[in-house]
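Heads up: the structure comes next, in structure tokens.
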Amino acid sequence: MNGNEENLWQGIDAGVRGGLTTRDYRAASFTRELLQRGVDASELATADRSQPEIRGAWIPGVEIFTRKVHAQRHRGLFGEFVRQNEGTLAQIGLWPKQWSAAQMFSGTAKGFHVHPPSIPHGSDAVDWLRRLYIDEPDNYSVRSYDKEQWDVMFFIQGRVEMILYDIRAGLPRRVMHFFVDGDNHRSANNVGIIIPPGVAHAIRVEGTEDAIMVYGTSTVFNPEFEGRIASDVEAAALPESWQKFLSL
């Protein structure tokens, strides 16, 4: 079929033609893809963050690093998470105090939630956060890992879509939207993700396979450290007829 053909849609009912749209398959800029449709996690793990476009789109404090998953023929697979004195966590001086696991059924999502940044007594929140992430981003020694929850995430099964949104006071509103593969799908998208407090995050399962994640936190679990935002996606509503019956 020739796309330049006149009256291309003449064979479609006239009442329907006005509602037809065409999907835009053109590749957008990296920044727009990261903000809207999402990119492969591998693109972020290998990105040159000194480049202006990457630096301008990256959420300060977020780290995404590659992992190697080894196939063990006829047996399964083996993948390391992190070593305490090596890699990204060693570089930034973070080691989790608690490790946990979670399973997400196919077709489900974890709604946006955020952990509160720790602001020293007497400090202005905007000034403090700008010092940490804008003025002295490599001065990891001033971070309050023991007083605020940082997340270190790994996915060992399934595929997920992840969205990060920076809502810290005084910092640019940036969004990072990307896709991660679990260890059972060996690829360049097997990554580890570090999320600072103040960065809202949501996860949605891709496909029909359950997702299993392992994550470390810089503090032990504390419900007060979790602020839920737009988390109604997690609530499976009862059928209307059931609700009507229960209200009798």
Side-chain angles (χ1 to χ4, degrees), residues 23 28 31-45 57-59 61-65 67 69 79 81 96 98-117 148-168 173-219 221-240 242-243:
R23 185 185 299 277
T31 301
R32 184 169 294 277
E33 290 285 334
L34 183 61
L35 173 65
Q36 296 180 345
R37 291 190 291 201
V39 303
D40 284 343
S42 58
E43 294 185 55
L44 298 173
W58 201 277
I59 295 176
V62 168
E63 303 289 347
I64 298 175
F65 54 92
R67 298 178 51 235
V69 178
F81 292 146
Q98 179 173 331
W99 291 94
S100 306
Q103 179 177 13
M104 296 177 63
F105 295 147
S106 63
T108 65
K110 289 185 181 294
F112 279 102
H113 58 284
V114 66
H115 310 298
E148 56 190 14
Q149 181 174 322
W150 287 64
D151 291 336
V152 184
M153 297 185 178
F154 307 95
F155 292 89
I156 60 175
Q157 177 179 293
R159 290 186 168 102
V160 300
E161 174 184 20
M162 179 172 284
I163 303 177
L164 310 182
Y165 182 28
D166 194 348
I167 55 174
R168 289 170 289 189
R173 292 288 171 267
R174 293 174 180 165
V175 174
M176 296 175 70
H177 183 179
F178 53 95
F179 298 86
V180 183
D181 289 344
D183 289 9
N184 63 323
H185 300 283
R186 291 194 304 138
S187 75
N189 294 320
N190 302 136
V191 300
I193 305 115
I194 300 175
I195 306 173
V199 175
H201 42 291
I203 304 170
R204 184 162 59 178
V205 178
E206 280 258 295
T208 59
E209 181 181 28
D210 292 357
I212 298 177
M213 62 184 293
V214 171
Y215 61 101
T217 52
S218 59
T219 57
F221 176 71
N222 184 343
E224 294 182 357
F225 278 13
E226 188 169 78
R228 314 298 297 180
I229 312 167
S231 58
D232 55 308
V233 68
E234 299 175 4
L238 293 175
E240 184 178 351
W242 288 19
Q243 296 184 43

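Taking all atoms of both residues into account, the shortest heavy-atom contact from Met176 to Ile59 is SD-N, 3.4 Å. Looking at every heavy atom in both residues, Trp150 comes nearest to Ser218 through N-OG, 2.8 Å. When all heavy atoms are compared, the tightest approach of Phe179 to Arg37 is CE1-O, 3.5 Å. For the pair Met153 and Met162, the tightest heavy-atom approach, listed with the atom from each and the gap, is SD-CE, 3.7 Å. Among all heavy-atom pairs drawn from Val152 and Pro96, the shortest one is CG2-CG, 4.1 Å. Listed here is the closest heavy atom pair of Val205 and Ala211: CG2-CB, 4.0 Å.
Looking at heavy atoms from C-beta onward, Phe81 lies out of side-chain contact with Tyr215 at the 4.5 angstrom threshold. Contact check for Val214 versus Trp99: side-chain heavy atoms found under the 4.5 Å cut-off. Counting only heavy atoms from C-beta outward, the side chains of Pro117 and Glu148 approach each other to under 4.5 Å. Within the 4.5 Å cutoff, the side chain of Phe225 has heavy atoms near those of the Thr219 side chain. Glu206 has its side chain out of reach of Val160: every pair of non-hydrogen atoms, C-beta onward, lies at least 4.5 Å apart. Within the 4.5 Å cutoff, the side chain of Ile156 has no heavy atoms near those of the Met213 side chain. Val175 places a side-chain heavy atom less than 4.5 Å from the side chain of Ile163. Residues Val180 and Ile193 form a side-chain contact, since some pair of their non-hydrogen atoms from C-beta on lies under 4.5 Å apart.
Under the salt bridge (charged side-chain N to carboxylate O under 4.0 Å, His left out) criterion, Asp183 pairs with Arg67, sequence neighbours left out. Applying the salt bridge (charged side-chain N to carboxylate O under 4.0 Å, His left out) criterion to Arg159, with sequence neighbours excluded, gives Asp181. Checked against salt bridge (charged side-chain N to carboxylate O under 4.0 Å, His left out), Arg32 has no partners two or more places apart in sequence or in another chain. With sequence neighbours left out, His113 forms a side-chain hydrogen bond (donor to acceptor under 3.5 Å, both in side chains) with His201. Considering only residues two or more places apart in sequence or on other chains, Phe112 meets the ring pair (Phe, Tyr, Trp, His ring centres under 6.0 Å) condition with none of them. Applying the side-chain hydrogen bond (donor to acceptor under 3.5 Å, both in side chains) criterion to Gln103, with sequence neighbours excluded, gives Asp210. Every residue two or more places apart in sequence or in another chain was checked for a salt bridge (charged side-chain N to carboxylate O under 4.0 Å, His left out) with Glu209, and none qualifies. Under the rule for a side-chain contact (heavy atoms from CB on, under 4.5 Å), the partners of Val39 that lie at least two apart in sequence or sit in another chain are Glu33, Leu34, Glu43, Leu44, Phe178. For Glu63, the side-chain hydrogen bond (donor to acceptor under 3.5 Å, both in side chains) partners are Arg49, not counting sequence neighbours. Partners of Pro239 under the side-chain contact (heavy atoms from CB on, under 4.5 Å) rule, at least two apart in sequence or in another chain, are Ser241, Trp242. Taking the side-chain hydrogen bond (donor to acceptor under 3.5 Å, both in side chains) definition, one finds that Glu161 meets it with His177, Arg204, sequence neighbours left out.
The main-chain N or O of Phe221 is found under 3.5 Å from a side-chain atom of Gln98 such that the two form a donor-acceptor pair. No side-chain donor-acceptor contact under 3.5 Å links Asp40 to the backbone of Ser42. A donor-acceptor contact shorter than 3.5 Å is absent between the side chain of Asp151 and the backbone of Pro196. The backbone N or O of Leu238 sits less than 3.5 Å from a side-chain atom of Gln243, completing a donor-acceptor pair. Asn189 contributes a side-chain N or O that, together with a main-chain N or O of Ala41, makes up a donor-acceptor pair within less than 3.5 Å.
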field: Derivation of the side-chain contact (heavy atoms from CB on, under 4.5 Å) call for Asp166 and Trp58
entry: CA-CA 10 Å; Asp166 194 348; Trp58 201 277; over 6 Å; no
What pairs of donor and acceptor atoms, side-chain ones from residues 229-236 against any protein atom, are under 3.5 angstrom apart with sequence neighbours left out?
residue : atom : partner : partner atom : Å
Glu234  : OE1  : Arg228  : NH2          : 2.8
Glu234  : OE2  : Gly111  : N            : 2.6
Glu234  : OE2  : Arg228  : NH2          : 2.4

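Here CD of Glu226 is found 11.0 Å from OG1 of Thr217. Values are rounded to the nearest 0.5 Å.
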